[in-house]
There are 2 protein chains.
Amino acid sequence: MKNKLKVLRAEHDMTQQDLAQAVEVSRQTINAIEKGKFDPSLVLAMKLSRLFKEDIETLFIYED
Amino acid sequence: MKNKLKVLRAEHDMTQQDLAQAVEVSRQTINAIEKGKFDPSLVLAMKLSRLFKEDIETLFIYED
DNA sequence: TTTTCATGTAAAGTTTGCTTGACATTAATT
DNA sequence: AATTAATGTCAAGCAAACTTTACATGAAAA
């Protein structure tokens with residue numbers, strides 16, 4: 001699964017820490033997701049989607 | 001988190017078993033999600049979304 | 001009525017998402 | 001050159017997603 005977190009974070013001028021706080025997870029979780037270590041839960045994906053006002057599918061790209 | 005799986009399944013005339021096979025999880029997983037026992041992973045939500053051709057957000061309703 | 005099918009549920013185990021704490025590295029300030 | 005801010009990463013642990021096996025129930029069909 002690929003994602004556009006790093007770019008959106010840059011566009012919104014946020015640090016990983018800022019984003020982590022905004023969606024109520026740890027900084028390490030944001031870092032791990034950006035680095036592709038694991039996928040976010042559905043709830044976290046929804047929080048990020050709402051924050052950045054982007055569809056989940058545009059934020060996270062899953063190709064089988 | 002609420003969801004519309006049961007209804008969509010009915011509309012598509014599928015059993016829990018059918019749906020489970022279509023998205024490659026166990027029948028119990030589908031049942032548990034329908035019953036609200038836990039939320040699907042992001043990948044599973046995406047598979048269901050694609051199968052039923054509905055946005056994740058319309059399939060799964062999360063209200064803080 | 002007996003068999004079959006769809007659903008519900010439970011227990012035990014594995015994997016994955018996420019936590020805290022800690023430390024290393026790199027880039028930007030002072 | 002020294003400090004600070006942002007990022008990367010690791011380890012140990014907990015919680016949630018998902019598995020298999022198994023059994024119970026109700027509805028439909030033979």
Side-chain angles (χ1 to χ4, degrees):
Chain A
M1 179 114 61
K2 298 180 77 175
N3 70 75
K4 299 184 175 162
L5 279 192
K6 193 169 180 177
V7 172
L8 278 164
R9 200 161 54 71
E11 286 175 1
H12 288 74
D13 195 30
M14 298 177 86
T15 66
Q16 291 184 342
Q17 183 68 275
D18 293 337
L19 183 51
Q21 284 179 282
V23 296
E24 298 172 299
V25 292
S26 69
R27 179 183 67 84
Q28 287 85 339
T29 291
I30 297 297
N31 185 276
I33 292 168
E34 280 192 6
K35 290 270 147 188
K37 300 265 173 70
F38 53 73
D39 301 330
S41 68
L42 180 54
V43 167
L44 179 50
M46 283 177 167
K47 286 182 175 181
L48 291 164
S49 164
R50 287 176 187 183
L51 181 68
F52 290 135
K53 300 196 169 85
E54 295 278 354
D55 289 341
I56 290 183
E57 282 83 357
T58 69
L59 246 178
F60 299 96
I61 298 98
Y62 171 62
E63 354 190 349
D64 232 17
Chain B
M1 178 115 63
K2 297 179 76 175
N3 70 75
K4 299 185 175 161
L5 279 193
K6 193 169 179 176
V7 171
L8 278 163
R9 200 162 54 71
E11 287 174 1
H12 289 73
D13 195 29
M14 297 177 86
T15 67
Q16 293 184 342
Q17 183 70 276
D18 292 337
L19 182 52
Q21 283 180 284
V23 295
E24 299 172 298
V25 292
S26 69
R27 179 181 67 83
Q28 287 81 344
T29 291
I30 297 298
N31 185 277
I33 292 168
E34 282 192 6
K35 290 270 147 188
K37 299 268 173 68
F38 52 75
D39 300 330
S41 68
L42 180 54
V43 168
L44 179 49
M46 283 178 166
K47 285 183 175 181
L48 291 164
S49 164
R50 287 176 187 184
L51 181 67
F52 290 134
K53 300 197 168 81
E54 295 278 356
D55 288 341
I56 290 183
E57 282 82 358
T58 68
L59 245 177
F60 299 96
I61 297 98
Y62 171 62
E63 351 189 353
D64 233 16

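Within every chain, numbering begins at 1; the chains are lettered A, B, ... in the order of the sequence lines, protein sequences first and strands thereafter.
Atom NZ of A:K47 has more than 12 neighbouring heavy atoms from other residues, nucleotides or ligands inside a 6.0 Å radius.
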Produce the list of close N/O pairs, under 3.5 Å, pairing protein atoms with atoms of nucleotides 16-23 of chain D; give distances to one decimal.
unit_1 : atom_1 : unit_2 : atom_2 : d
D:dA17 : OP1    : B:D39  : N      : 3.4
D:dA17 : OP1    : B:D39  : O      : 3.3
D:dA17 : O5'    : B:D39  : O      : 3.4
D:dC18 : OP1    : B:S41  : N      : 3.1
D:dC18 : OP1    : B:S41  : OG     : 2.7
D:dC18 : OP2    : B:S41  : N      : 3.4
D:dT19 : OP1    : B:S26  : N      : 3.1
D:dT19 : OP2    : B:S26  : N      : 2.8
D:dT19 : OP2    : B:S26  : OG     : 2.7
D:dT19 : OP2    : B:T29  : OG1    : 2.3
D:dT21 : O4     : B:Q28  : NE2    : 2.8
D:dA22 : N6     : B:Q28  : NE2    : 3.1

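Cluster annotation: B:F38 is connected to B:I56 through the hydrophobic network of ILVMFWY side chains, with a link wherever side-chain heavy atoms come within less than 4.5 Å.
Per the geometry, CD belonging to B:Q16 stands 14 Å off C1' belonging to D:dG26, to the nearest Å. The NZ-C1' distance, from A:K47 to C:dC18, rounds to 12 Å in whole Å. Regarding A:D13, its CG atom lies at a distance of 13 Å from the C1' atom of D:dA5, rounded to whole Å. Between B:Q21 atom CD and C:dC5 atom P there is a gap of 14 Å when expressed in whole angstrom units. One interatomic measurement links the two molecules: CD of A:Q17 to P of C:dG21, which rounds to 13 Å at whole-angstrom precision. Counting to the nearest Å, the P atom of C:dA6 and the NE2 atom of B:H12 are 18 Å from each other. Distance, A:E34 CD to D:dT9 C1': 14 Å, rounded to whole Å.
In this model, the phosphate group of C:dT7 is not approached by any side-chain N or O of B:N31 to a distance below 4.0 Å at OP1 or OP2.
Look at A:E34 and A:R9 and you find a salt bridge, because one of the NZ, NE, NH1 or NH2 atoms lies within 4.0 Å of a carboxylate O, short of that distance.
Using a 4.5 Å cut-off on side-chain heavy atoms (C-beta onward), A:L44 and A:T29 make contact.
A side-chain donor-acceptor contact under 3.5 Å links B:D18 to the backbone of B:T15.
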message: Does A:M46 form a side chain to side chain contact (heavy atoms under 4.5 Å, CB included) with B:F60? I'd like the steps, not just the answer.
response: CA-CA 10 Å; A:M46 283 177 167; B:F60 299 96; 3.8 Å; yes
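Side-chain atoms of A:T15 lie closest to D:dA6 of the nucleotides D:dA6, C:dT7, C:dT9.
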